[in-house]
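These notes are about the structure you will find just below.
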Amino acid sequence: MNIAMISTKNDPPDLICGVASYSEILIDAFKRLGYDIFHVNQKDGHFSTGYQNQQPIFNAQSIINKDVDVIHIQYQDFLYPDKDGLLSFLSWCHNNQVKVVYTLHDFCVPSIILSQTERSQVIVHHQSFLRMCPKAFVIPQPVPILDVDLGSLSMIVDQIDGLSTEFFKKKVISFGLGRNQYELLIPKMAEICKDRKDVIYLICVPLKRDVERIKSFIKEEDQSYVFVVDQFLKKEILYSLLMQCDACLIDYPDIQEVVTSSSLRWAIGAKCTPLCRRSKWFDDVVDEQFVVFYHQLEDLKERIHFILDDHSAYCLRRALMDDYIGKYRSELVVEKHLEVYLS
């Protein structure tokens, strides 16, 4: 089976994208299972993306062989501003009898695109999407399992002032695309770290445009408790870092609809306890007992104490994460995709 996947590709410092990270995990798993998959990405101008200032032209058909069996579009609306070009491409697919599969990553799908999905297969990550696409296949996001790169991680740690001497302590980490409310998180986490004295807070900032803003929230007296990793980490290094941490703090603001979190899956894959603000971002895992939830920042201190100090709960979370990884590791999720491709 020949597969073409249309999706963004992480291209720091210009583009860091959750959909790109998700697609990369899938593509790697397809290749490990021996499938021929071609990644059509924005890097060479093959399709338009909302991250670019200019209005590019969607022209994916110029590089896709007509012999391809499936074209899988990872759809998030602002990544495809050239709707006319996309619609022309979809007509080309149907005229050449090429099967099209969509994965919808949020609810912001215009009616003109939604109507196109009615003659294709659709994949979503959560049952709530069935209100929009009743016939969609629900396939949860994959959990990445990667090779570790402790040597490169050690070099990163040594580059950050003061971190190497504190790295032996317990660690809470935040990373991602800036949805975390750092202006509130950093003072609270600094307070908790100073109170405990055996824990530090790490923040991975993938985009240079966010570095100075986030560092401005760190008081001088808190710089031995709060550290910023101010570079884009390759996936193996990020995974290795998560494996060294005790909790992954994800403080996303509440939203109206369920939108699943790739950051959460990275934490689970590395068996780093997810510590999440209770919001619809995480409704798909609300019943998973390995996720520790809090409602307000005032709850963080008690929740962190629970994660770091309750050993029996820690052992239970690890066992439950093992079970979850067993069900949703990337190779098994790929097999579910193949069932959709063949349906």
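All figures in this text were calculated on a predicted structure; none of them were measured in a lab.
Cluster membership for Leu163 and Leu153, using ILVMFWY side-chain heavy atoms within less than 4.5 angstrom, is shared. In the hydrophobic clustering of this structure, Ile237 groups with Val157; members are Ile, Leu, Val, Met, Phe, Trp, Tyr whose side-chain heavy atoms approach within less than 4.5 Å, directly or through other members. Linking ILVMFWY side-chain heavy atoms closer than 4.5 Å, directly or via other members, places Phe167 and Tyr239 in a single hydrophobic cluster. Hydrophobic clustering keeps Met155 apart from Leu238 (ILVMFWY residues linked when any side-chain heavy atoms are closer than 4.5 Å, directly or through intermediates). With hydrophobic clusters built from ILVMFWY side chains whose heavy atoms lie under 4.5 angstrom apart, Met1 shares a cluster with Val334.
Looking at heavy atoms from C-beta onward, Ile173 lies in side-chain contact with Leu241 at the 4.5 angstrom threshold. You'll find the side chain of Tyr182 stays beyond 4.5 Å of the side chain of Val226, heavy atoms only. In this structure the side chain of Ile145 reaches within 4.5 angstrom of the side chain of Ile325, judged on heavy atoms. Residues Leu184 and Met189 form no side-chain contact, since every pair of their non-hydrogen atoms from C-beta on lies 4.5 Å or further apart. The shortest side-chain heavy-atom distance between Val205 and Val229 does not fall under the 4.5 Å cut-off. In this structure, the side chains of Cys248 and Trp266 stay at 4.5 Å or more apart for every pair of heavy atoms. When side chains are defined from C-beta on, Leu338 counts as touching Tyr35, because their heavy atoms get closer than 4.5 Å. Residues Gln74 and Tyr102 fail the side-chain proximity criterion, which asks for heavy atoms closer than 4.5 Å.
A distance-only check finds a donor-acceptor pair linking the side chain of Asp106 to the backbone of Cys108 [under 3.5 Å]. With hydrogens and angles ignored, the 3.5 Å screen pairs no side-chain donor or acceptor of Ser164 with any backbone N or O of Ile160. No donor-acceptor pair under 3.5 Å is formed between the side chain of Asp222 and the backbone N or O of Ile218. A donor-acceptor pair under 3.5 Å links the side-chain atoms of Asp310 to the main chain of Ala313, judged by distance alone. Judged by distance alone, the side chain of Thr117 and the main-chain N or O of Leu114 form a donor-acceptor pair under 3.5 Å.
Defined by atom type and a distance below 3.5 Å, a donor-acceptor pair is present between the side-chain atoms of Ser262 and Gln141.
The pair Asp28-Lys235 meets the salt-bridge criterion, with a side-chain N (NZ, NE, NH1 or NH2) lying under 4.0 Å from an Asp/Glu carboxylate O.
Taking CD1 of Ile203 as the start and CD1 of Ile214 as the end, the distance is 6.0 Å to the nearest 0.5 Å. Taking CG of Asp36 as the start and CG of Asn2 as the end, the distance is 4.5 Å to the nearest 0.5 Å. The NE2 atom of His94 sits 11.5 Å away from the CD atom of Gln97 when rounded to the nearest 0.5 Å. Between atom CD1 of residue Ile192 and atom CG of residue Leu308 there is a gap of 9.5 Å, rounded to the nearest 0.5 Å. To the nearest 0.5 angstrom, Ile113 atom CD1 is 6.0 Å from Lys83 atom NZ. Atom CD1 of Ile250 is separated from atom SG of Cys276 by 4.0 Å, given to the nearest 0.5 angstrom.
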* Could you walk me through whether Met5 and Leu26 pass side chain to side chain contact (heavy atoms under 4.5 Å, CB included), step by step? => CA-CA 10 Å; Met5 185 172 292; Leu26 273 187; 4.2 Å; yes
* **Test side chain to side chain contact (heavy atoms under 4.5 Å, CB included) applied to Val172 and Asp246, step by step** => CA-CA 6 Å; Val172 177; Asp246 300 272; 5.8 Å; no
* To do: Could you check Asn180 against Leu185 for side chain to side chain contact (heavy atoms under 4.5 Å, CB included), going step by step and ending with a plain yes or no?
  => CA-CA 8 Å; Asn180 288 305; Leu185 271 183; 4.0 Å; yes
* Going through the checks in order, is the side chain to side chain contact (heavy atoms under 4.5 Å, CB included) test met by Lys99 and Asp69? -> CA-CA 6 Å; Lys99 185 167 188 172; Asp69 299 299; over 6 Å; no
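Atom CG of Asp147 sits in a sparse spot, with 12 or fewer heavy atoms from other residues, nucleotides or ligands closer than 6.0 Å. For Tyr314, the OH atom counts as loosely surrounded, since its 6.0 Å shell holds 12 or fewer non-hydrogen atoms of other residues, nucleotides or ligands. Heavy-atom neighbours of Lys219 NZ from other residues, nucleotides or ligands within 6.0 Å: at or below the threshold of 12.
Taking the six-membered ring where tryptophan is involved, the planes of Phe293 and Phe282 are tilted, since the angle between them lies from 30° to 60°.
The two residues Ser174 and Leu249 have their closest heavy-atom pair at OG-O, 2.8 Å. Nearest heavy atom pair, residue Asp149 against residue Ser240, reads N-OG, 2.6 Å. Val100 and Cys93 make their closest contact through CG2-CB, 3.6 Å (heavy atoms, listed as atom of the first residue, atom of the second, distance). The minimum heavy-atom distance linking Ile73 with Leu86 is given by the pair CD1-CD1, 4.5 Å. Residues Phe217 and Ile186 come closest through the heavy atom pair O-CG2, 3.4 Å. Closest of all the heavy-atom pairs between Ser23 and Ser7 is OG-OG, 2.6 Å.
Within the structure, salt bridge (Lys or Arg N to Asp or Glu O under 4.0 Å) pairs that include any residue of residues 293-307 comprise Asp195-Lys301 (at least two apart or interchain). Note on residues 155-169: pairs passing salt bridge (Lys or Arg N to Asp or Glu O under 4.0 Å), not counting sequence neighbours, are Glu166-Lys169. Listed by first and then second residue, the salt bridge (Lys or Arg N to Asp or Glu O under 4.0 Å) pairs involving residues 262-284 are Asp251-Arg277, Arg265-Asp284, Lys271-Asp322, Arg278-Asp283, Lys280-Asp283 (not counting sequence neighbours). The salt bridge (Lys or Arg N to Asp or Glu O under 4.0 Å) contacts involving residues 115-143 comprise Arg131-Glu257, where partners must be two or more places apart or lie in separate chains. Within the structure, side chain to side chain donor-acceptor pair (under 3.5 Å) pairs that include any residue of residues 331-343 comprise Arg32-Glu331, His72-Tyr341, Gln121-Ser343 (at least two apart or interchain).
Not less than 6.0 angstrom separates the ring centroid of His126 from the ring centroid of Phe129. A distance below 6.0 Å separates the ring centres of Tyr80 and Tyr75. Taking the ring centroids of Tyr324 and Phe290, they lie under the 6.0 Å cut-off.
Cation-pi geometry between Arg317 and Phe306 is met: under 6.0 angstrom from the ring centre, within 45 degrees of the axis.
In this structure, Lys234 has no side chain to side chain donor-acceptor pair (under 3.5 Å) partners at least two apart in sequence or on a different chain.
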